[in-house]
Amino acid sequence: MSDVIPAETIAAQQGGMKIVWTGVVSSGPVNIVIPEGDSGLSTELNTHIQLLKDQGIIDQLAEKYFGAP
């Protein structure tokens, strides 16, 4: 996970990478970068991120560590 600018830079420099999730965790967007074309990993990440959202865990962690959901 990384802030948007480093994530975009790493993905461009490494090649074959793409940003599959962008969300706001604190005061700005955070991204997850995985190898491009890894649909299995992408599906798993999206499934688990959605579960964490649905269960309110992401909001709880944001409140705990950043003071706001």
Side-chain angles (χ1 to χ4, degrees):
M1 293 180 67
S2 173
D3 290 333
V4 68
I5 292 176
E8 289 174 340
T9 301
I10 290 167
Q13 288 176 347
Q14 295 294 317
M17 305 285 278
K18 69 175 185 173
I19 295 173
V20 296
W21 182 80
T22 299
V24 176
V25 174
S26 59
S27 62
V30 174
N31 304 274
I32 297 173
V33 179
I34 65 168
E36 195 168 6
D38 193 338
S39 61
L41 179 57
S42 180
T43 299
E44 285 294 317
L45 282 170
N46 288 331
T47 298
H48 290 285
I49 290 167
Q50 191 60 53
L51 262 171
L52 294 170
K53 284 182 175 181
D54 293 346
Q55 295 171 352
I57 293 171
I58 289 177
D59 286 341
Q60 290 171 8
L61 291 171
E63 180 66 34
K64 180 177 180 178
Y65 293 105
F66 304 112

Would you list the atom pairs, donor with acceptor, under 3.5 Å between side chains in residues 50-57 and any protein atom, with sequence neighbours excluded?
from  : atom 1 : to    : atom 2 : distance (Å)
Gln50 : NE2    : Asp54 : OD1    : 2.8

Taking side chain to side chain contact (heavy atoms under 4.5 Å, CB included) as the test, write out the residues that go with Thr9, two or more places apart.
->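 Testing Thr9 for side chain to side chain contact (heavy atoms under 4.5 Å, CB included), a comparison that skips the adjacent residues, returns Ile5, Gln13.
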Can you name the residues that form a side chain to side chain contact (heavy atoms under 4.5 Å, CB included) with Gln14, not counting sequence neighbours?
->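 Side chain to side chain contact (heavy atoms under 4.5 Å, CB included) list for Gln14, sorted by chain: Ile10, Met17.
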Which atoms form the tightest heavy-atom contact between Ile19 and Val33, and what is the distance?
->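 What the structure gives for the nearest pair is CG1-CG2, 3.9 Å.
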Rounded distance [0.5 Å steps], NZ in Lys18 versus CG in Asp38 |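 The NZ atom of Lys18 sits 9.0 Å away from the CG atom of Asp38.
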Hey, what do you get for CG (Leu45) to CD1 (Ile34), rounding to the nearest 0.5 Å?
->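 Rounded to the nearest 0.5 Å, the CG-CD1 separation comes to 6.0 Å.
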